[in-house]
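Worksheet: one structure, shown below.
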Protein chains: 2
Amino acid sequence: MLGCGSVGSQVVRLLGEQADDLAARVGARVELAGVAVRRLDAPREVDVPADLLTTDAAALVARDDVDLVIEVIGGIEPARSLILSALENGASVVTANKALLAEDGPTLFEAAEKAGRDLYYEAAVAGAIPILRPLRESLAGDRVTRVLGIVNGTTNFILDKMDTSGAGFADALEEAQALGYAEADPTADVEGFDAAAKAAILASLAFHSRVTAADVHREGITDVSAGDVRSAREMGSVVKLLAIAELRPTPEGDDAVSVRVHPAMIPRSHPLASVREAYNAVFVESEAAGQLMFYGPGAGGSPTASAVLGDLVTVARNHRQGTRGVGESAYADRAVLPMGETRTRYHVAIDVDDRAGVLAAVAQAFAEQGVSIQTVRQEGRGNDAQLVVVSHEATDAALAATVDKLRDMEIVREVTSVMRVEGTEE
Amino acid sequence: MLGCGSVGSQVVRLLGEQADDLAARVGARVELAGVAVRRLDAPREVDVPADLLTTDAAALVARDDVDLVIEVIGGIEPARSLILSALENGASVVTANKALLAEDGPTLFEAAEKAGRDLYYEAAVAGAIPILRPLRESLAGDRVTRVLGIVNGTTNFILDKMDTSGAGFADALEEAQALGYAEADPTADVEGFDAAAKAAILASLAFHSRVTAADVHREGITDVSAGDVRSAREMGSVVKLLAIAELRPTPEGDDAVSVRVHPAMIPRSHPLASVREAYNAVFVESEAAGQLMFYGPGAGGSPTASAVLGDLVTVARNHRQGTRGVGESAYADRAVLPMGETRTRYHVAIDVDDRAGVLAAVAQAFAEQGVSIQTVRQEGRGNDAQLVVVSHEATDAALAATVDKLRDMEIVREVTSVMRVEGTEE
Ligand SMILES: NC(=O)c1ccc[n+]([C@@H]2O[C@H](COP(=O)([O-])OP(=O)(O)OC[C@H]3O[C@@H](n4cnc5c(N)ncnc54)[C@H](OP(=O)(O)O)[C@@H]3O)[C@@H](O)[C@H]2O)c1
Ligand SMILES: NC(=O)c1ccc[n+]([C@@H]2O[C@H](COP(=O)([O-])OP(=O)(O)OC[C@H]3O[C@@H](n4cnc5c(N)ncnc54)[C@H](OP(=O)(O)O)[C@@H]3O)[C@@H](O)[C@H]2O)c1
């Protein structure tokens, strides 16, 4: 095992506590050969026999009595080099490292293929929730068309707080930090980097294509205001940070992959809307199965360790049978659609002068970009008025241009909320 | 393929429509060798080439160019004999047949083991929802402690109708029949036989033990009244037909399996409470992963076919690699706890005479059976009063005896609602 932090220490605990069950399920006892860490004397959540601990991770993965390497260090290096040497050396690998998989998955998959070994990573997306195995195995006979995920617990906790208490982003973040749901430096979560890595992994599996973090259009939640959340509430919706992977027709009529992370309004009746606090859920649409949802704890040492050990049992069984599981499946080789060409829907709230012709002028701004309006709600407020427009689907570029145009119009005092709308039928 | 009805015809459709994707995922083209039916000239939802149709199922499974048999006839015979000959003949089997698996699974598993072939049956429980693969693979490193499932769409539709419209059972059933959610003879659904078969399958997988339909304590929903549903509503709960499989300590302190199907009140805040109409969902609790939920369409030709084809891809890949997937896992060999010894909680509503000492007398009836009361709500109504009691956990036998006793008491006019309570912490 490489790393013995939040996840690693729970893996060690379970390897001990469940030893007999694991042996029965694998068909042989699983023995911990060694645990590589950075600091031998760091305090740990679990007792690790001193003779198993080492700071020489490279030597551990080079041992030829090691059949399986669990990587729970995280980050790009040294995790990548260690995984590659483990595979070259004939070991299979189980990892929870979403950052590495999303940045450089193909290098790892090729190495696994070349070595004829397994590379499993269920824990990398949505913690304990079994979502990768269902995507690559249970739905292998179906055509997945869309994946919508709440895959970051920190941001869901913050948005849920904003929704239930009316708090602004800063206050909700502070509360999340105080309760241990957000880190001191919350960038990876609130700017959507963590969700983007998971979106890339989900898109690759759902669409049998290579999608990396660099392909993911990413917007975080730092600009989501109390007003946005209120505006969502008024239209029976809720704001969630979604990781979205969907098949979308290109202008040429092929199927391309749209993959993106951004806050979006979804109707409260949508199954994802009721995902509270730091829970995660992944909603999958496919042609034959219809709509499925997978729900559970998306992080935490012990839930993540459960996913790691599930992979361990499969990989160990494969090893004993001299076989391997499903490797990378990228045969469909679909292009990634640029965000500007992706068709989305916008919710736009505008403070306007309360005079005749305002609605017509605003409607005209949408029409000029070829964006058709689904609903518009007008509310007079003193000598102001507010317009809330929800568009039909149009390219994201046309919608963004419409908003730019609105901001320049004299009758528009302020565009108070702009947010995409998901989870509703056109 | 054996059978070409609701499910089978959708399998045929998808085998055609997804042929290229299936080939890429399996690593070889999947060819339909033949389709056994009862009536050659029956109308079908899909075009089946005439030369593939046969009424001689036995000859089809005996062909030595057949690697894989899909059984979607249903029922016990001839499905069982056909599956057994297929396995003996060296083919692997994919089936959706919950009735057969729950009645006589061990015979089939042993035949698969002996033949060294795969027997997969994801479609048998909760249609398209991937639940068996997660239980036997994703959670293989964890200790599952409880499975609560809404696994019958018909009864969920009826109970949901009763909840939203206040209708009684008979009216709700009639509506379900009119809309095609219930069959003309609804016995298998409303009496809980279908859910009991699924409960047995879930319990076997979750607890690595043999559990058959005969082990399942079964109560249907025909006695659920509008009053029960109203009573649930008043305490912030909803009535669902649950398939329950849980680990429970025996009086001797071992872990035994409690497996049962009955209507129960669950709090509206529970993830299962929001499962509407004919949808299914399975809620799983395990030691490390915590609480997971899997949600989706539990039936229908096309969703069920998606699950069948997911299994087909796995089994076909195994076949090409000369390997097999996880077989039966019954090593834990846990006993099934009789219902009387299972600890449950009861909700009991009682119409009583409105006079002093009534509450004390009722409390005494509970105490005599060693049942402690968690809450009691008293409501005066004219010269009647109603008591609503929710108990702490006690053996089902003690609770049933308490209710019998209440019925005999002079001050008790009527026990108007008796229902178990699930999904809350003690
Ligand atoms: N925590 C979660 O809830 C969660 C959920 C899903 C996925 N994951 C993923 O799981 C992985 C591990 O996360 P974590 O939360 O367990 O991280 P963590 O608590 O920070 O633990 C990291 C471990 O790696 C060790 N380590 C760091 N650099 C090393 C090096 N150069 N050589 C050897 N060991 C080294 C550390 O050693 P010392 O202990 O000596 O410092 C520590 O034991 C990451 O990829 C993360 O994204 C985590
Ligand atoms: N329908 C669902 O939503 C659903 C969901 C989950 C699981 N399942 C399971 O899937 C299985 C099939 O269900 P279904 O709804 O597709 O049933 P169905 O519509 O009644 O179809 C049964 C098929 O089996 C054929 N058949 C009957 N007896 C036969 C025999 N002796 N030899 C050869 N063929 C025979 C019938 O032939 P003819 O067409 O010539 O009459 C028919 O094509 C069952 O085990 C069921 O429990 C169904």
Side-chain angles (χ1 to χ4, degrees), chain A residues 10-11 13-15 17-18 21-22 24-26 122 127-130 132-134 137-143 208 271 274 279 281 284 286-297 300 302-314 317-318 321-326 329 331-332, chain B residues 10-11 13-15 17-18 21-22 24-26 122 127-130 132-134 137-143 208 271 274 281 283-284 286-297 300 302-314 317-318 321-326 329 331-332:
Chain A
Q10 295 307 309
V11 171
R13 177 178 70 81
L14 292 169
L15 279 173
E17 286 177 16
Q18 318 263 29
D21 283 313
L22 291 172
R25 295 171 194 178
V26 167
E122 181 67 69
I129 309 174
L132 304 191
R133 201 178 256 99
E137 300 183 39
S138 311
L139 288 163
D142 204 336
R143 181 179 145 91
H208 300 268
S274 53
Y279 274 88
V284 177
S286 73
E287 271 184 13
Q291 305 188 323
L292 303 171
M293 192 173 80
F294 304 78
Y295 167 93
S302 162
T304 309
S306 168
V308 167
L309 285 183
D311 280 353
L312 173 139
V313 169
T314 300
R317 285 180 44 90
N318 289 347
Q321 296 202 356
T323 177
R324 21 184 329 235
V326 195
S329 174
Y331 71 89
Chain B
Q10 296 307 309
V11 171
R13 177 178 69 82
L14 292 169
L15 279 174
E17 287 177 16
Q18 318 263 29
D21 282 312
L22 291 172
R25 295 170 195 179
V26 168
E122 181 68 68
I129 308 174
L132 304 192
R133 203 178 254 99
E137 299 183 38
S138 311
L139 288 164
D142 204 336
R143 181 178 145 92
H208 299 269
S274 54
F283 184 78
V284 178
S286 73
E287 270 184 15
Q291 304 188 324
L292 303 171
M293 192 174 79
F294 304 79
Y295 166 92
S302 163
T304 309
S306 168
V308 167
L309 284 183
D311 280 352
L312 173 139
V313 170
T314 301
R317 286 180 44 90
N318 288 348
Q321 296 201 357
T323 177
R324 15 180 342 229
V326 195
S329 174
Y331 71 90

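Because the structure is predicted, anything quoted here is derived from the model rather than measured.
- With a 4.5 Å cut-off on non-hydrogen atoms, A/V284 does not touch chain B at all.
- With a 4.5 angstrom heavy-atom cutoff, A/L139 touches chain B via backbone and side-chain atoms both.
- For B/V326, the parts lying near chain A are the backbone and the side chain together; criterion is any non-hydrogen pair under 4.5 Å.
- Interface residue B/L14: only side-chain heavy atoms are found under 4.5 Å from chain A.
- Most heavy-atom pairs under 4.5 Å with chain B, from the set A/A307, A/A140, A/A24: that is A/A140.
- Interface summary for chain A: among B/A288, B/G322, B/G300, B/S302, the most heavy-atom pairs under 4.5 angstrom belong to B/A288.
- When all heavy atoms of B/A289 and A/P297 are compared, the closest pair comes out as O-CG, 2.9 Å.
- To the nearest 0.5 Å, atom CD of residue B/E17 and atom CD of residue A/E287 are 7.0 Å apart.
- Between chain A and the options B/A128, B/P303, B/G325, the largest number of non-hydrogen pairs under 4.5 Å is found for B/P303.
- Of the atoms belonging to A/Q321, it is side-chain heavy atoms, and not backbone ones, that fall under 4.5 Å from chain B.
- Listed options B/R25, B/E122, B/H208 were ranked by heavy-atom pairs under 4.5 angstrom with chain A; first place goes to B/R25.
- Summarising the geometry, atom OG1 belonging to B/T323 is positioned 12.5 Å from atom CZ belonging to A/R324; distances are rounded to the nearest 0.5 Å.
- In this structure, the portion of B/Y331 lying under 4.5 Å from any heavy atom of chain A is its side chain and not its backbone.
- Atom OG of A/S138 and atom CG of B/L132 lie 9.0 Å apart (nearest 0.5 Å).
- Taking CD1 from A/I129 and CG from B/L292, the interatomic distance works out to 7.0 Å, rounded to the nearest 0.5 Å.
- Top candidate by heavy-atom pairs under 4.5 Å with chain A, chosen from B/D21, B/T314, B/V26, is B/D21.
- For chain A, the nearby part of B/R317 is the side chain; its heavy atoms alone come within less than 4.5 Å.
- When heavy atoms are compared at a cutoff of 4.5 Å, B/Q18 approaches chain A solely by way of its side chain, counted from C-beta outward.
- Heavy atoms only, all atoms of each residue included: A/S306 and B/D142 are closest at OG-OD2, 2.8 Å.
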